[in-house]
Amino acid sequence: MMFPYPSAEGLHVGNLFAFTGADIFGRFRRLQGFDVFEPMGFDAFGIHSENYALAVGTHPAKLIPRNIETFRRQLRRFGGMFDWRHELSTTDPAYYKWTQWLFLQLFKHGLAYRKRAAVNWCPACKTVLANEQVINGYCERHPDVKVEQRFLEQWFFAITRYAERLLDHLTYLDWSDSTVALQRNWIGRSEGAEIVFETPAGSPITVFTTRPDTVFGATYLVLAPEHPLVDALSGQEQRRVVREYQREVQGRDIVSRKVGDRTKTGVFIGSYARNPATGESIPIWIADYVLMEYGTGAIMAVPAHDKRDFEFATEFGLPIRQVVRVEGEALPVVSENGTLVNSAPFDGMPCAGAAREIVQWLERSGAARAQVQYRLHDWCISRQRYWGPPIPIIYCDACGPVAVPEADLPVELPFIEDFKPDDSGVSPLARHAEWYHVPCPRCGAPARRETDVSDTFLDSSWYFLRYPSTEFDDRPFDAGRTRTWLPVTTYIGGNEHAVLHLLYSRFITMVLHELGHLEFEEPFPKLRAHGLIVKDGAKMSKSRGNVVVPDAYVQKWGADTFRMYLMFLGPFQEGGDFRDEGITGIRRFLDKVWILGHEAAVARPGGLPPAVERKLHQTIRKVTDDTEALRYNTAIAAMMEYVNEMRNAECRMRNGVEPLLVMLAPYAPHLCEELWARLGHAKSIFVEGRWPAFDERLAAEEEVELVVQVNGKLRARLTVPRGVTQADAVARAQREASVRKFVDGKDVRKVVYVPDRLVNLVV
RNA sequence: GCCGAAGUGGUGGAAUUGGUAGACGCGCUGCGUUCAGGGCGCAGUGGGCGCAAGCCCGUGUGGGUUCGAGUCCCACCUUCGGCACCA
């Protein structure tokens with residue numbers, strides 16, 4: 001299961017829902033005879049803890065152990081089958097030593113690099129803000145201070161080099177469709193072309209487009225305001241306005257820049273480029289709706305066939321030329337199912353074909369080439385914060401960035417009281433010269449540690465690799481242990497991690513595989529996403545005040561009842577609405593099982609009545625299939641039916657109860673363990689119990705109910721021996737008064753017979 | 001705007017993948033047990049008409065395919081989740 005972030009509020013129902021679902025599966029597999037390793041750990045670094053510690057005026061290093069203690073207590077209490085010997089916390093130096101090691105592996109192989117990148121900067125806090133801390137362009141803590149963008153040197157991981165592989169592998173991974181869809185979306189593959197627009201100044205502009213078929217309609221170019229060619233291409237007279245616009249854009253935060261419904265702004269930079277298709281000279285503009293980080297940071301604007309370009313052209317009175325026609329559609333025509341017009345030799349061609357041909361045609365003069373773009377960006381792992389693992393790099397004036405020698409790991413996070421952002425304008429560790437002044441590991445000259453820490457998602461990108469090897473301090477993961485237990489056989493978690501955590505883990509695993517540290521390339525061959533528990537139709541959140549705290553429920557009803565209640569709420573993979581009403585139904589059921597178990601302990605031995613035996617085997621079949629598929633709600637319903645059947649038949653036999661206890665044990669481990677002991681077993685049900693096998697012959701009904709339809713409408717139900725012939729079934733059907741009423745005096749034109757199920761007479 | 005999921009009784013949800021719609025719970029009604037309440041047990045519980053047998057209607061809306069549609073196809077409506085000036 002995905003390990004939790006140990007919040008100060010304690011385990012919430014969402015955690016418990018997820019962990020129960022995973023725990024049931026683990027216990028089920030164990031009862032089937034598998035070796036099951038169910039580890040647990042804590043994702044305890046990060047801005048969450050840091051902000052919370054700031055808010056309540058304590059230190060995260062004091063806060064986190066308390067929170068973990070609470071989590072541990074709650075996790076033990078709900079009955080997870082955890083192997084506590086392998087517990088881990090990402091804040092433990094013994095753990096993050098290897099997180100830092102991981103960084104160094106990427107650094108040494110050129111997969112970690114430094115780049116200037118925009119961050120949100122609050123001039124009042126004098127610190128970097130996460131995107132979530134920017135509220136409508138203003139600082140979360142200073143509602144009247146506008147957030148700006150600043151450029152800082154930051155560390156990036158080159159995940160985009162793996163974009164194609166990360167996408168391709170999705171076709172064979174056994175993952176929930178919903179998760180695959182989210183991840184595909186996030187990687188965002190677009191096929192298109194790069195097209196080169198020459199300029200008289202001699203600096204050609206390359207643009208990326210997914211619609212090369214519309215190149216004849218490109219009536220101007222737009223560059224991102226930060227585009228490196230802007231300076232060189234700006235005309236003398238426009239230079240001042242261009243600078244002013246660039247400053248204006250930089251003065252805004254990086255969040256609101258990307259809100260699409262703003263009125264478009266931009267300026268003409270005073271020069272022109274040549275459209276390689278038409279040969280025309282077209283104006284070059286800059287505008288903040290073009291982003292430097294996607295494609296080439298420059299676009300060819302085709303206002304007739306792009307909504308944004310259309311708005312921009314309308315705003316600034318730029319020419320709009322239609323080159324694609326779709327029956328009955330007004331401009332802008334965005335559809336790709338049209339025909340070309342005003343496109344010289346390509347007129348009349350459908351868009352799709354024209355796109356290919358135009359790229360080939362332009363390619364001959366070197367003005368274009370087919371190109372695939374990904375939406376995915378490289379992973380920025382720098383955090384100008386305190387509560388994380390220091391990035392293990394030392395800057396030397398002579399040697400540049402130098403890796404901390406592996407023997408010197410971990411670079412421990414020092415305990416500092418003043419971890420709060422203050423007016424000094426630097427990250428907290430950068431205020432501690434005694435910590436960051438170190439000699440260069442290569443030349444020995446005075447040097448300086450990196451004072452940023454790494455992203456929490458780096459901590460969680462490899463924790464599953466650590467679990468089996470927690471006791472080794474000389475290697476991140478032991479080869480033998482890893483071969484036995486990894487990759488993760490079944491990974492269960494929520495779709496809130498569909499992109500970041502699940503993508504980063506896949507990336508890191510791929511890299512470690514490539515560097516020869518792992519035999520497998522994918523960390524989670526099988527992944528199941530569970531649903532969301534909501535309250536009164538809305539996501540639970542502190543601000544809504546609808547957070548359900550599980551402790552009181554466990555206290556009042558017991559862990560087993562609460563576990564089962566959560567699983568009975570709805571399909572595990574869809575989640576459900578939390579409401580107290582249904583919980584009593586589960587409690588009643590468990591009470592019945594409790595009584596049944598005690599009665600079985602003193603019942604006379606003997607064979608089961610045939611009806612009970614049949615129901616038992618049907619139940620085994622259903623509970624096995626449903627548990628396997630994580631359909632816990634219907635598995636529980638099937639066990640309820642079986643208990644009802646036993647009670648109706650007044651059967652209390654041990655051989656009817658024991659298989660039930662084994663099937664129920666993953667769901668209600670405490671109760672079943674107790675009853676198992678009371679039935680005289682010396683060892684735990686999870687040691688001695690074996691998942692029952694079902695016998696298809698015993699599960700089969702001797703008599704079946706046959707539905708009789710006339711023209712598809714239900715007219716009668718007959719009880720017949722299983723396996724009746726069609727002729728027999730039709731004859732029986734035609735004897736029924738309720739059927740004859742609709743058939744007599746008419747010709748039966750057709751008979752549809754579904755064996756043991758239905759007869760349909762068509763008249 | 002794009003991607004994904006889902007709309008079924010008073011209610012949470014079932015439905016073997018085209019074959020009895022409403023399993024299993026909750027709630028509600030009646031009866032029993034009890035001085036009483038709770039608990040427990042038994043019976044009933046989609047809507048309409050009917051004394052009844054029974055008949056008609058019914059899975060967001062409208063059309064279609066089929067002997068037969070909650071399930072498949074087309075168009076639409078609504079809700080939820082994700083992404084989003086990504087060219």
Side-chain angles (χ1 to χ4, degrees), chain A residues 176-186 188-190 192 207-211 214 222 224 257-262 264 287-291 293-302 305-309 311-312 334 373-377 495-496 498-499 531-532 534 537-539 565 568-571 573-586 588-589 591-592 595 621-622 625 631 633-644 647 705-717 737-738 741 748-754 756-763:
Chain A
S176 292
D177 296 343
S178 55
T179 317
V180 171
L182 287 167
Q183 211 161 94
R184 278 226 163 82
N185 244 294
W186 186 261
R189 183 179 196 274
S190 297
V207 303
F208 173 72
T209 176
T210 53
R211 295 295 304 277
T214 63
V222 187
R257 160 117 180 232
K258 297 185 188 179
V259 172
D261 45 13
R262 265 175 34 235
K264 300 267 178 297
D288 69 347
Y289 80 94
V290 175
L291 307 172
E293 70 250 31
Y294 185 77
T296 60
I299 62 157
M300 63 176 205
V302 186
H305 306 292
D306 181 281
K307 201 169 150 271
R308 295 150 305 180
D309 297 344
E311 280 169 27
F312 192 82
V334 185
Q373 270 295 331
Y374 295 92
R375 205 199 70 105
L376 184 70
H377 295 144
N495 264 342
E496 67 272 20
V499 285
L532 197 68
V534 298
K539 214 169 173 170
Y565 169 61
F568 195 55
L569 210 60
Q573 308 203 38
E574 284 166 36
D577 201 340
F578 187 92
R579 34 176 64 239
D580 297 9
E581 286 88 357
I583 199 164
T584 142
I586 294 289
R588 282 179 196 153
F589 166 71
D591 283 345
K592 288 176 193 172
I595 292 167
R621 180 173 56 195
K622 178 133 181 79
D625 289 353
R631 288 191 300 256
N633 55 334
T634 51
I636 292 170
M639 290 188 276
M640 287 174 166
E641 281 189 58
Y642 177 62
V643 167
N644 292 343
R647 287 165 59 90
E705 202 176 49
L706 194 68
V707 170
V708 183
Q709 296 181 337
V710 179
N711 290 342
K713 270 188 188 289
L714 175 71
R715 294 303 175 190
R717 296 159 205 243
S738 56
K741 205 159 86 183
V748 175
R749 288 188 292 122
K750 186 175 173 183
V751 174
V752 179
Y753 181 59
V754 182
D756 295 333
R757 202 166 295 247
L758 158 146
V759 175
N760 186 12
L761 305 174
V762 186
V763 296

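Convention: sequence-line order gives letters A, B, ...; per-chain numbering from 1.
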Item checked: Touch class at under 4.0 angstrom, heavy-atom based, for A:Arg621 against every strand present -> nothing
Margin query: Given B:C67, B:G41, B:U20, identify the nucleotide with an atom nearest to the side chain of A:Val707.
Written below: B:U20
Notebook entry, point to check: Which nucleotide, B:C57, B:U20, B:C85, lies nearest any side-chain atom of A:Lys713?
Noted result: B:C57
Notebook entry, point to check: Does OP1 or OP2 of B:C3 have a side-chain N or O of A:Arg184 closer than 4.0 Å?
Noted result: no
Notebook entry, point to check: Looking at the side chain of A:Arg715, which of B:C56, B:G12, B:C83 is the nearest nucleotide?
Noted result: B:C56
Check: Which part of the nucleic acid does A:Leu569 contact within heavy-atom distance under 4.0 Å: base, sugar-phosphate only, or nothing?
Finding: sugar-phosphate
Next item on the list: Give one of base, sugar-phosphate or nothing for A:Ser738, where a contact means two heavy atoms less than 4.0 Å apart.
Entry: nothing
Notebook entry, point to check: How close do A:Asn633 and A:Pro571 get, heavy atom to heavy atom, and via which atoms?
Noted result: ND2-N, 3.5 Å
Margin query: Rounding to an integer number of angstrom, what distance separates B:G10 and B:G19 when you compare their C1' atoms?
Written below: 30 Å
Margin query: So for A:Arg757 and B:U16, does any side-chain atom that can act as donor or acceptor lie under 3.5 Å from a complementary atom in the base?
Written below: yes
Item checked: OH-CG distance between A:Tyr753 and A:Asn760, expressed to the nearest 0.5 angstrom -> 13.0 Å
Next item on the list: Using the P atom as the reference point in each nucleotide, state the distance between B:G1 and B:A23 in Å, no decimals.
Entry: 41 Å
Next item on the list: Would you indicate what A:Arg749 reaches in the nucleic acid, counting non-hydrogen atoms under 4.0 angstrom: base, sugar-phosphate, or nothing?
Entry: nothing
Margin query: If you only use heavy atoms from C-beta on, which nucleotide in B:A14, B:G19, B:C85 is closest to the side chain of A:Thr634?
Written below: B:A14
Next item on the list: For B:G25, take OP1 and OP2 only and decide whether either is under 4.0 Å from a side-chain N or O of A:Thr584.
Entry: no
Notebook entry, point to check: Quick one: are A:Gln709 and A:Val759 in side-chain contact, heavy atoms under 4.5 Å?
Noted result: no
Next item on the list: Let me know the distance between CH2 of A:Trp186 and C1' of B:C2, rounded to the nearest Å.
Entry: 15 Å
Next item on the list: Please work out if A:Val290 contacts a base, only the sugar-phosphate, or nothing of the nucleic acid, heavy-atom cut-off 4.0 Å.
Entry: base
Item checked: A:Glu581 (side chain) and B:G25 (base): donor-acceptor pair under 3.5 Å -> no
Margin query: Taking the cut-offs as 6.0 angstrom to the six-membered ring centre and 45 degrees off its axis, would you call A:Lys264 and A:Phe312 a cation-pi pair?
Written below: no
Notebook entry, point to check: Looking at A:Asn495 and A:Leu182, what are the two nearest heavy atoms and their distance?
Noted result: CG-CD1, 3.9 Å
Notebook entry, point to check: A:Glu641 has a side chain; which of B:G19, B:A23, B:A87 sits nearest to it?
Noted result: B:A23
Margin query: Looking only at the side chain of A:Met640 (C-beta and beyond, no hydrogens), which of the listed nucleotides B:C55, B:A87, B:G25 gets closest?
Written below: B:G25
Item checked: Atom pair distance, as rounded to whole Å: CD in A:Glu293 and P in B:A87 -> 13 Å
Margin query: Tell me the interatomic distance from A:Phe578, atom CZ, to B:G13, atom P, rounded to whole angstroms.
Written below: 14 Å
Check: Mind checking whether A:Tyr565 and A:Phe578 have ring centres under 6.0 Å apart?
Finding: yes
Check: Does B:A15 have OP1 or OP2 sitting under 4.0 Å from an N or O in the side chain of A:Arg631?
Finding: no
Check: What are the two closest non-hydrogen atoms of A:Asn185 and A:Arg375, and how far apart are they?
Finding: O-NE, 3.9 Å
Next item on the list: Specify the closest pair of heavy atoms between A:Asp625 and A:Arg631, including all atoms of both residues, with the distance to one decimal.
Entry: O-NH2, 3.9 Å
Notebook entry, point to check: Closest heavy-atom contact between A:Leu714 and A:Val707?
Noted result: CD1-CG1, 3.3 Å
Checklist line | Nearest listed nucleotide, side chain of A:Pro571, among B:G13, B:U20, B:C55 | finding: B:G13
Notebook entry, point to check: Closer than 4.0 Å, any side-chain N/O of A:Asn495 to the OP1 or OP2 of B:G4?
Noted result: no
Item checked: Listed nucleotide nearest any side-chain atom of A:Arg375, set B:G54, B:G25, B:A84 -> B:A84
Notebook entry, point to check: Where each pair must be Watson-Crick or G-U wobble with both distances under 3.5 Å, what dot-bracket representation of RNA chain B is obtained, with crossing pairs in [ ] and other-strand partners as |?
Noted result: (((((((..(((......[....)))(((((((.....)))))))((((....))))..(((((..]....))))))))))))....
Next item on the list: Using a heavy-atom cut-off of under 4.0 Å over every strand shown, decide if A:Lys741 touches base, sugar-phosphate, or nothing.
Entry: sugar-phosphate
Next item on the list: Ignoring the backbone of A:Glu705, work out which of B:A87, B:U20, B:U11 is nearest its side chain.
Entry: B:U20
Check: On a plain distance test, is the side chain of A:Lys307 in donor-acceptor contact with the base of B:C85 below 3.5 Å?
Finding: no
Margin query: Let's see if you can work this out: which of B:C67, B:G13, B:A87 has an atom nearest to the side-chain heavy atoms of A:Asn633?
Written below: B:G13
Margin query: At 4.0 Å (heavy atoms only), tell me whether A:Leu182 reaches a base, stays on the sugar-phosphate, or touches nothing.
Written below: sugar-phosphate
